[in-house]
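Step one of this worksheet: look at the structure below.
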Amino acid sequence: MSRPERIGAAALAKALDGWQAVEGRDAVRKVYRFDDFKTAFAFMTRVALKAEQMDHHPEWFNVYNKVDVTLSTHDADGVTTLDQELARFMDDAAR
């Protein structure tokens, strides 16, 4: 499999609504808020299945209705097209 193209945090943050570059590393972050824990967990489950399919896993933290996500492609040491694809999927799943 070919390596994903590195695009950088600034480019992804500019291209997608609500994503922000993480200070001190080439990564992006977004906080999703849902009506309740059940909805937040359903979102995480849907994303987990996609992430496993992609073999590209988010860094995330969940408390009740909030899911705090950081994306970066670790073996590329920065934000790549894989992060962009997963971020778009997450945004769609959160709607």
Side-chain angles (χ1 to χ4, degrees):
M1 179 190 324
S2 64
R3 294 190 69 161
E5 178 187 350
R6 189 164 171 186
I7 58 175
L12 192 146
K14 185 176 180 179
L16 298 177
D17 189 40
W19 290 89
Q20 299 177 333
V22 174
E23 191 172 330
R25 65 185 278 211
D26 191 18
V28 292
R29 177 178 178 248
K30 184 170 185 176
V31 177
Y32 294 94
R33 285 190 167 67
F34 300 93
D35 290 337
D36 52 32
F37 176 74
K38 176 177 62 177
T39 309
F41 196 85
F43 166 79
M44 292 179 72
T45 301
R46 186 169 178 202
V47 172
L49 293 171
K50 176 67 172 176
E52 188 65 16
Q53 178 188 42
M54 293 175 65
D55 192 27
H56 185 62
H57 305 92
E59 300 170 25
W60 55 10
F61 181 74
N62 164 246
V63 175
Y64 184 60
N65 69 334
K66 182 175 83 170
V67 180
D68 187 336
V69 181
T70 300
L71 296 177
S72 183
T73 304
H74 296 102
D75 61 352
D77 198 29
V79 174
T80 69
T81 53
L82 285 175
D83 300 300
Q84 186 174 35
E85 180 182 345
L86 189 55
R88 283 193 173 127
F89 181 87
M90 294 173 98
D91 286 348
D92 288 344
R95 288 188 181 94

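FYI, the numbering just counts along the sequence from 1.
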Query raised in the report: What are the two closest non-hydrogen atoms of Ala13 and Val28, and how far apart are they?
Result: N-CG1, 4.4 Å
Report summary line: So ring pair (Phe, Tyr, Trp, His ring centres under 6.0 Å) across residues 60-95, not counting sequence neighbours, yields none
Requested in this report: Without swapping roles, check the side chain of Asp36 against the backbone of Ala40 for a donor-acceptor pair under 3.5 Å.
Outcome: no
Query raised in the report: Looking at CG of Leu71 and NE2 of His57, how far apart are the two atoms once the value is rounded to the nearest 0.5 Å?
Result: 12.0 Å
Report summary line: When Asp91, Asp68, Thr70 are each screened for side chain to side chain donor-acceptor pair (under 3.5 Å) with Lys30, the one that passes is Asp91
Query raised in the report: So if you build clusters from Ile, Leu, Val, Met, Phe, Trp, Tyr with side-chain heavy-atom gaps below 4.5 Å, do Leu16 and Ile7 land together?
Result: yes
Report summary line: Hits for side-chain contact (heavy atoms from CB on, under 4.5 Å) against Glu85, two or more places apart or cross-chain, chain-then-number order -> Lys50, Met54
Report task. Return each pair, listed once, that meets ring pair (Phe, Tyr, Trp, His ring centres under 6.0 Å) where at least one residue sits in residues 7-51; pairs must be two or more places apart or across chains. Result -> Tyr32-Phe43, Phe34-Phe43, Phe37-Phe41
Query raised in the report: How about Val47 and Leu86: do any of their side-chain heavy atoms sit closer than 4.5 Å?
Result: yes
**Report entry** Contact list for residues 15-28, test salt bridge (charged side-chain N to carboxylate O under 4.0 Å, His left out), sequence neighbours left out
**Finding:** Arg6-Asp26, Arg25-Glu59
Requested in this report: Could you pull out all residues at least two apart from Ser72 that satisfy side chain to side chain donor-acceptor pair (under 3.5 Å)?
Outcome: none
Query - Sequence-distant partners of Asp75, side chain to side chain donor-acceptor pair (under 3.5 Å), two or more places apart - result: none
**Report entry** Arg95 and Asp92 ion-paired at < 4.0 Å
**Finding:** yes
Report summary line: All heavy atoms of Asp83 vs all of His56, minimum pair found to be OD1-NE2, 2.7 Å
Report task. Might you point out which heavy atoms bring Ala9 and Ala27 nearest each other, and give the distance in Å? Result -> CB-O, 3.3 Å
